[in-house]
Amino acid sequence: MKTDVVVIGAGPAGLSAALEAGENGAGVIVIERESRPGGILKQCIHDGFGVVRYNEKLSGPEYAFRDIEAVKAMKIEILKNTFVLDLKKKGNRFELLLQNPVQGVFPVSATALVAATGCRERTSRQVFIHGDRPAGIYSAGTAQNLINIHGYLPGKKCVILGSGDIGMIMARRLILEGAEVVGVYEIKKEVSGLTRNLVQCLEDFNIPLHLNSTVVKVHGVSRVEGVSVAAVGPDYSPLAGTESYIPCDTLLLSVGLIPENDIIEPLGLAMDPTTGGPVVDQQMMTTVPGLFSCGNATHVNDLVDYVSESGVTAGRAAAGYCQKSCMQGEIEVDAGENLLYAVPQRLVPGKEAVIYFRSACTLDKVLLQVKAGDKVLTTKKYIRLRPPEMERLILDPLPAGVEKVELSIEEAETDG
Ligand SMILES: Cc1cc2nc3c(=O)[nH]c(=O)nc-3n(C[C@H](O)[C@H](O)[C@H](O)COP(=O)(O)OP(=O)(O)OC[C@H]3O[C@@H](n4cnc5c(N)ncnc54)[C@H](O)[C@@H]3O)c2cc1C
């Protein structure tokens with residue numbers, strides 16, 4: 001099979017990319033390893049999706065349904081239950097070896113490739129908790145999948161480690177399903193998720209949140225019987241003498257998401273160690289010509305609306321690349337010291353750019369400046385910047401001759 005654009009992943013990013021590439025005249029094939037398209041949205045049955053894109057509060061499946069129907073209407077093929085066995089770039093084409101139960105093992109060749117593979121959750125192995133490994137320890141997303149897709153309650157008395165969005169959403173979900181949530185334990189001094197989830201999921205349901213504290217030990221041999229928690233100091237080390245034992249049968253982890261890029265990394269693209277995703281320009285093109293990245297595979301987003309936005313950008317540029325109208329970004333974007341990261345990390349001149357960024361810590365009343373040398377390109381005031389809340393900024397097309405763009409933060413008197 002030969003096509004213009006292959007999209008790997010039929011989550012919201014991949015579906016948007018496929019639609020936009022199709023609308024811009026490209027032949028498109030979407031590859032999805034699961035049996036249904038929609039990505040993680042399939043298991044997110046609460047509402048709050050689509051507020052930016054549709055000005056409506058949709059559930060995850062409702063949000064995904066709109067893109068799935070649009071893809072069907074455009075007659076774009078989604079190869080489901082399909083795995084990528086091998087991926088290589090030969091000359092200027094991407095050669096994929098795929099496998100699924102209908103076609104067996106088969107090759108597909110494409111001019112452009114969009115990686116929309118989403119992210120995975122950090123596991124208990126990555127947060128180093130002492131104790132045994134009994135049944136009853138789940139990542140929050142696994143528990144979400146068990147309850148919302150399969151109809152199983154993973155436990156009756158739960159402790160949640162980490163205050164990421166999925167953990168807070170699952171705390172509420174467990175209460176609604178009749179389980180007890182003893183508390184959410186967060187090692188940092190503030191929550192890791194969105195303020196709206198703190199209010200709607202924890203505060204509204206009287207679920208205790210313990211900041212500056214962590215789980216230090218899991219007890220139980222065949223099943224979790226309890227956990228030991230402790231307060232932590234400024235360096236996140238547990239403070240001796242503060243340990244207490246909490247009986248429970250389940251520990252959920254909501255300790256971060258990691259962009260999933262294992263399939264494209266062997267292609268030798270530049271990766272950003274802070275985001276965990278590829279270095280991209282404002283067309284979402286990576287440092288490998290013709291290879292695009294979007295959604296949570298590029299960097300972890302908090303709103304699906306911006307995931308879809310990046311998919312649209314990647315799909316349009318991938319179609320443009322097939323028609324030879326897409327150059328590669330080489331102007332470096334430098335996120336200043338108070339910023340955790342900025343995406344894209346590279347820019348091409350002459351094209352508007354959407355810049356997504358996060359602050360490194362909570363900052364009140366600040367002015368963001370985007371500069372090229374001494375020239376201020378744009379400024380924006382913020383009453384508050386918080387690392388969990390991703391920000392978005394539109395940058396006008398850069399003139400030719402700019403070599404580097406710098407983002408910097410300084411204190412500002414602001415009323416908004
Ligand atoms: C567990 C979890 C729960 C979440 N819950 C919420 C929530 O409640 N509310 C919220 O606002 N946001 C939530 N999010 C954030 C959510 O991920 C994003 O809003 C959005 O779904 C990301 O879209 P995406 O297309 O980038 O990735 P995904 O939705 O993850 O889609 C990626 C798709 O790529 C497929 N794929 C990956 N690798 C391959 C491969 N090698 N071959 C073929 N297919 C592949 C996957 O099967 C999947 O269908 C959650 C994220 C996770 C990880």
Sidechain-backbone polar pair: Asn296 side chain, Asn301 backbone, donor-acceptor under 3.5 Å: yes
Inter-residue atom distance Ile29.CD1 - Ile76.CD1, 0.5 Å rounding: 11.0 Å
By side-chain contact (heavy atoms from CB on, under 4.5 Å) - contacts of Pro61 (at least two apart): Ile45, Ser59
Residue Glu337 excluded, over 12 heavy atoms near CD under 6.0 Å: no
Donor-acceptor side-chain pairing of Ser308 and Tyr63 below 3.5 angstrom: yes
Interatomic distance, Glu391 atom CD to Phe357 atom CZ [nearest 0.5 angstrom]: 5.0 Å
Check ion pair Glu62-Arg66 (N to O, under 4.0 angstrom): no
Side-chain donor-acceptor pair present, Glu186, Ser192, cut-off under 3.5 Å: yes
Under 3.5 Å donor-acceptor, Thr142 side chain and Tyr138 backbone: no
Asn148 versus Arg173, side-chain donor and acceptor atoms under 3.5 Å: yes
Exam field: side chain Thr242 to backbone Pro238, donor-acceptor pair closer than 3.5 Å: no
Heavy-atom closest contact (Gln282 atom, Glu352 atom, distance): CG-O, 3.5 Å
Residue pair Gly193 / Asp165: nearest heavy atoms and the distance that separates them: CA-OD1, 3.3 Å
Qualifying ring-ring contact (aromatic ring centres under 6.0 Å, His included) pairs with a residue from residues 101-123, counting only residues at least two apart or across chains: none
Taking every non-hydrogen atom, the tightest pair across Gly38 and Pro12: O-CD, 3.7 Å
Between Arg120 and Ser139: side-chain donor-acceptor atoms closer than 3.5 Å: no
Shortest non-hydrogen separation from Ile68 to Pro37 and the atoms involved: CD1-O, 3.7 Å
Side-chain (Thr214) to main-chain (Val216) donor-acceptor, under 3.5 angstrom: no
Polar contact flag, side-chain donor to acceptor under 3.5 angstrom, Ser293-Thr286: no
Donor + acceptor pair across side chains of Asn100, Asn81 (<3.5 Å): no
Donor-acceptor pair between Thr362 and Glu190 side chains, under 3.5 angstrom: yes
Pair Thr111, Arg93: side-chain N/O donor-acceptor within cut-off below 3.5 Å: yes
Those residues that, when tested against Arg33, pass salt bridge (charged side-chain N to carboxylate O under 4.0 Å, His left out) (two or more places apart): Glu260
Salt bridge flag under 4.0 Å for residues Arg384 and Glu389: no
Salt-bridge present (Glu20, Arg316; N to O < 4.0 Å): yes
Aromatic ring pairing Tyr341/His299, orientation class (parallel under 30°, perpendicular over 60°, tilted between): perpendicular
ring-ring contact (aromatic ring centres under 6.0 Å, His included) partners of residues 300-322, not counting sequence neighbours, each pair once: none
Set of salt bridge (charged side-chain N to carboxylate O under 4.0 Å, His left out) partners for Asp302, sequence neighbours left out: Arg358
Heavy-atom closest contact (Ile149 atom, Lys42 atom, distance): CD1-O, 3.6 Å
Donor-acceptor pair between Thr287 and Arg346 side chains, under 3.5 angstrom: no
Side-chain donor or acceptor of Ser16 paired with backbone N/O of Ala13 under 3.5 Å: no
Phe205 backbone acceptor or donor facing Gln200 side chain under 3.5 Å: no
Aromatic plane relationship, Phe49 with His46 - under 30° parallel, 30 to 60° tilted, over 60° perpendicular: tilted
Non-neighbouring partners of Arg36 that pass salt bridge (charged side-chain N to carboxylate O under 4.0 Å, His left out), sequence neighbours left out: none
Side-chain donor or acceptor of Asp305 paired with backbone N/O of Val52 under 3.5 Å: yes
Side chains of Gln345 and Asp272, donor plus acceptor under 3.5 Å: yes
Within 6.0 Å of CG in Asn55, more than 12 heavy atoms from elsewhere: no
